[in-house]
Trainee: 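Structure provided below as structure tokens; questions to follow.
Both ligands and their constituent atoms are indexed starting at 1 by order of listing.
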Amino acid sequence: MDEVIMRCSIKSRLSPLILPDSNSEKGLYLENAIENHNSHPDNAFLKSDYPLSPINPAAWKGASSRARFGLDIGGTLCKVVFFEPLDDLDSRAPGIESSSPCFSSDKNGLGVEMIDQENSLSMSNSLTECCCSLKLHSFSPRMKESNEEAFCTASPIEYRKRFLMKQACTNSVDESESVLNINFIKEPASRNDGYFHGTTELSIDPAKCSNNVRKLWASSHDPVILSGRGTLYFKCFETWRIDEFLFLTKEHALVTTRRALGATGGGARKFSSKFLEIAGLELNRFDELKSLVRGIGFLMKYAQHESFEYPQGSFQGGLIQRPFKSLEDSSNDSDETLSEEENPDSANQFRDLDAISENQTGLKECDKTKIGGAFFCHDLNRNGPSHDAQTLYPYLIVNIGSGVSILLVESPEQFKRVGGTSLGGSTFLGLTSALTGCTSFKEAVDLAATGDSTEIDMLVGDIYGGDYSEMGLAATTVASSFGKLVQPSRRETAMQSPQHLAKATLLMITNNIGSLAKLHAQATGVEHVLFTGSFMHGNKYFVHFIETWICRDITEILFSSSCASASNKAFGCCHGILVQRTDKGHILAA
Ligand SMILES: Nc1ncnc2c1ncn2[C@@H]1O[C@H](COP(=O)(O)OP(=O)(O)OP(=O)(O)O)[C@@H](O)[C@H]1O
Ligand SMILES: CC(C)(CO)[C@@H](O)C(=O)NCCC(=O)O
């Protein structure tokens with residue numbers, strides 16, 4: 001009963017996105033460990049008509065439900081997708097596994113038990129607190145005799161786990177009877193503003209617990225309801241917290257022990273023994289870039305606009321740091337666009353992003369029309385896509401994670417990695433943190449939003465005193481990122497202006513990625529480029545810069561930046577979601 005309430009609570013405190021109902025014969029479904037995967041060719045799971053799921057049935061031994069997890073354990077972030085089928089009573093969103101003997105109400109057990117809850121079924125969108133209580137117990141000797149012995153025996157790992165849990169709770173735990181209050185906070189309708197909002201959705205009484213616990217299992221984004229089929233949940237946490245994640249996952253029995261999880265990303269390889277050792281979880285590993293292509297294919301086919309969001313008109317105007325200018329155009333240029341030192345008005349333009357008009361940016365109306373081809377995927381659904389996956393091929397994926405991978409996708413079955421760069425999302429976050437002392441990605445992006453990079457970057461105008469017309473370089477073009485800081489006095493001033501440093505860092509990374517994307521598009525002859533990866537989260541400046549200067553030679557640009565699409569690698573390895581049931585058997589949806 002508690003368990004059911006817990007599940008309702010998780011669902012009701014968030015405002016779900018709804019995907020369109022499908023034909024009933026295409027309902028997403030996974031039969032439990034029935035398929036034969038032995039001769040699964042390497043790339044076969046990318047084939048849309050491939051009849052088998054690439055899950056190794058042996059790995060699912062002991063799995064008792066059709067619930068499916070997909071993990072993308074990246075260099076910086078770990079993304080978790082959990083699919084909870086509607087009709088599967090045996091699966092649950094991450095929560096308390098009350099059936100485990102570890103969660104017996106035995107006063108001697110170090111288990112967790114939900115004992116009370118209010119408002120769990122309320123569907124109102126107002127901020128509502130749903131209170132639950134958890135009891136902490138020390139272990140009961142009888143548990144060691146249970147069939148989940150490995151789960152409960154106080155091994156060295158267990159001791160460490162207990163230690164961690166105690167550390168997490170600032171109050172020292174009275175093992176005979178300690179009550180830890182957990183407040184589930186129902187958020188207003190939309191949380192999809194591009195950032196992970198871990199702490200606000202699951203909050204543990206701050207008086208009693210550290211942030212560690214509450215951050216870790218807080219839902220990162222709104223769940224997605226697959227109508228008539230089930231619900232997708234999203235989690236995200238920093239990869240460096242993987243030990244903590246595993247200890248807590250085990251501690252709270254968030255995932256049935258011995259259930260194999262679909263996993264991808266470098267961490268799926270690096271941490272596989274750790275998953276087994278700490279949490280008893282086996283990983284079914286899948287290549288990350290294959291999973292990426294597969295996940296994107298799935299979302300292209302099934303997700304509506306919320307999954308591919310780029311609000312039209314949001315990024316109009318603003319500073320163009322690197323306008324494209326043809327050589328013919330530049331011959332008419334005057335010295336209007338001098339460096340800000342020589343032309344204070346120009347400096348003001350840079351500072352007032354909102355006030356600046358398109359013409360002032362040096363971008364002509366006709367250019368705007370031409371480059372305004374940024375593709376809004378609002379119509380992407382399988383009932384009437386304006387651009388379905390078929391018309392997209394061939395296209396480039398520019399995946400901006402810790403580093404950047406650029407893939408040429410020629411068909412649902414075929415792709416290759418054509419390039420990449422080590423200057424990626426974590427370069428931005430790492431450098432900005434080091435330079436400014438900011439402590440989160442959101443802070444870094446927000447800081448950058450208010451900054452003026454021309455205080456930091458050396459522009460063409462700083463070198464030429466105006467445009468370098470002969471070569472089509474506008475005075476406003478960044479000639480050298482951070483170049484102004486060669487002057488000691490500039491450096492001192494810059495260190496007092498973290499926002500300028502953040503902006504220059506963002507621009508440097510963006511320019512570089514944009515250049516590479518454009519060059520690869522030209523080299524491969526593709527007209528469509530899709531940018532994805534968590535770096536896109538809430539990062540409208542990135543979108544803006546890319547839209548305004550990279551699109552010129554590319555017919556369409558797609559920005560895949562919402563919760564679901566950031567988790568596309570996790571999707572790609574979460575086979576329970578991607579398998580369809582048809583009259584003829586099971587086929588992959590992606
Ligand atoms: N809440 C966040 N915390 C940390 N970084 C964030 C956050 N939100 C967005 N980011 C950005 O996303 C980047 C990580 O992106 P992503 O999760 O796609 O990569 P990854 O899977 O960790 O890395 P890789 O694929 O290279 O192994 C970070 O470097 C940062 O720029
Ligand atoms: C190593 C990966 C693939 C891990 O996701 C990614 O971080 C990346 O593509 N980095 C850039 C590597 C390069 O310089 O091509």
Trainee: Tell me whether Phe535 has any N or O atom under 3.5 angstrom from an N or O of ligand 1.
Mentor: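 Yes, there is a polar N/O contact under 3.5 Å.
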
Trainee: Working note: Gln499 + Thr436, criterion side chain to side chain contact (heavy atoms under 4.5 Å, CB included); need CA distance, chi angles, decisive distance, verdict.
Mentor: CA-CA 8 Å; Gln499 71 280 17; Thr436 70; over 6 Å; no

Trainee: Counting heavy atoms only, which of Gly420, Ser426, Gly267, Gly403 is nearest atom 7 (O) of ligand 2?
Mentor: Gly403

Trainee: Using modelled atom types only, decide if a donor and an acceptor are shared between the side chain of Gln414 and the backbone of Glu410 within a distance under 3.5 Å.
Mentor: no

Trainee: Is there any N or O on Ser402 that sits under 3.5 Å from an N or O of ligand 2?
Mentor: no

Trainee: Are the side chain of Lys274 and the backbone N or O of Asp243 linked by a donor-acceptor pair below 3.5 Å?
Mentor: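 Side chain of Lys274 to backbone of Asp243: no pair is present.
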
Trainee: Would you check, one step at a time, whether the test side chain to side chain contact (heavy atoms under 4.5 Å, CB included) holds for Leu435 with Phe482?
Mentor: CA-CA 12 Å; Leu435 288 170; Phe482 285 80; 3.9 Å; yes

Trainee: So Thr264 and Glu288, do their side chains get closer than 4.5 Å, heavy atoms only?
Mentor: yes

Trainee: For atom 14 (C) of ligand 1, tell me which residue out of Ser433, Gly401, Gly420 has the closest non-hydrogen atom.
Mentor: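 That would be Gly401.
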
Trainee: Is the shortest N/O to N/O distance between Asn399 and ligand 1 below 3.5 Å?
Mentor: no

Trainee: With heavy-atom distances below 4.0 Å as the criterion, list the atoms of ligand 2 near Ser422.
Mentor: 14 (O)

Trainee: Is Phe428 in contact with ligand 1, taking contact as a heavy-atom separation below 4.0 Å?
Mentor: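 The answer is no, since Phe428 has no heavy atom less than 4.0 Å from ligand 1.
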
Trainee: Is the backbone N or O of Gly74 less than 3.5 Å from a side-chain atom of Thr239, with the two atoms forming a donor-acceptor pair by type?
Mentor: yes

Trainee: Do the side chains of Thr427 and Ser422 get nearer than 4.5 Å, heavy atoms only?
Mentor: no

Trainee: Run the numbers for me: atoms of ligand 1, each under 4.0 Å from some heavy atom of Ser426, listed by number.
Mentor: 28 (C), 29 (O)

Trainee: Does Lys79, backbone or side chain, put an N or O under 3.5 Å from an N or O of ligand 1?
Mentor: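 Indeed, backbone or side chain, Lys79 has an N or O that close.
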
Trainee: Suppose we measure from atom 4 (C) of ligand 2 to each protein heavy atom; which comes out shortest, and what is that distance?
Mentor: Glu288 OE2, 3.3 Å

Trainee: Has Thr432 got a side-chain atom pairing as donor or acceptor with Leu429's backbone, closer than 3.5 angstrom?
Mentor: no

Trainee: Please state which part of Val404 comes within less than 4.0 Å of ligand 2, counting heavy atoms only: side chain, backbone, both or neither.
Mentor: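 Backbone only.
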
Trainee: Kindly confirm or rule out an N or O of Leu429 lying under 3.5 angstrom from an N or O of ligand 1.
Mentor: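 There is no such contact.
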
Trainee: Under 4.0 Å, counting heavy atoms only: does Gly74 come that close to any atom of ligand 2?
Mentor: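 So Gly74 does not count as touching ligand 2.
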
Trainee: Under a 4.5 Å cut-off applied to non-hydrogen side-chain atoms, are Phe271 and Leu246 in contact?
Mentor: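 No, every pair of side-chain atoms sits at 4.5 Å or beyond.
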
Trainee: Say whether Gly419, considering both its backbone and side-chain N or O atoms, lies within less than 3.5 Å of an N or O atom on ligand 2.
Mentor: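 No - when backbone and side-chain N and O of Gly419 are compared with those of ligand 2, no distance drops under 3.5 Å.
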
Trainee: Find all atoms of ligand 2 within a distance of less than 4.0 Å from any non-hydrogen atom belonging to Arg417, and give their numbers and elements.
Mentor: 8 (C), 9 (O), 11 (C), 12 (C), 13 (C), 15 (O)

Trainee: If we only consider heavy atoms of Met536, is any one of them less than 4.0 Å away from an atom in ligand 1?
Mentor: no

Trainee: Mark up the atoms of ligand 2 that fall under 4.0 Å of a heavy atom belonging to Thr421, in ascending order.
Mentor: 11 (C), 13 (C), 14 (O), 15 (O)

Trainee: Could you tell me if the ring centre of Tyr393 sits under 6.0 Å from that of Tyr395?
Mentor: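 Yes.
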
Trainee: Is any side-chain heavy atom of Phe535 less than 4.5 Å from a side-chain heavy atom of Leu506?
Mentor: yes

Trainee: Counting distance only, does the side-chain N/O of Arg285 pair as donor-acceptor with the main-chain N or O of Ala263 below 3.5 Å?
Mentor: no

Trainee: Closer than 4.0 angstrom: is that true for some heavy atom of Gly265 and an atom of ligand 1?
Mentor: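 Gly265 does not count as a contact of ligand 1 under the 4.0 Å cut-off.
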
Trainee: Distance under 4.0 Å to a non-hydrogen atom of Gly533: what atoms of ligand 1 satisfy this?
Mentor: 18 (O)

Trainee: Does the protein put a heavy atom under 4.0 Å from atom 1 (C) of ligand 2?
Mentor: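 Protein heavy atoms within 4.0 Å of atom 1 (C) of ligand 2 - there are none.
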
Trainee: Nearest 0.5 Å, please: how far is CG in Leu485 from OG in Ser480?
Mentor: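 Taking OG in Ser480 and CG in Leu485, the distance rounds to 9.5 Å.
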
Trainee: Side-chain contact test, heavy atoms from C-beta onward, threshold under 4.5 Å: evaluate it for Ser405 versus Leu289 and give yes or no.
Mentor: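 Side-chain contact under 4.5 Å: yes.
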
Trainee: Out of Ser402, Gly267, Gly75, whose heavy atom sits nearest atom 26 (O) of ligand 1?
Mentor: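 Heavy atom nearest to atom 26 (O) of ligand 1 belongs to Ser402.
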
Trainee: Near Gly403, which atoms of ligand 1 are under 4.0 Å from a heavy atom of that residue?
Mentor: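 The atoms of ligand 1 under 4.0 Å from a heavy atom of Gly403 are 26 (O).
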
Trainee: Can you list the ligand 2 atoms lying under 4.0 Å from a non-hydrogen atom of Ser405?
Mentor: 3 (C), 8 (C), 9 (O)

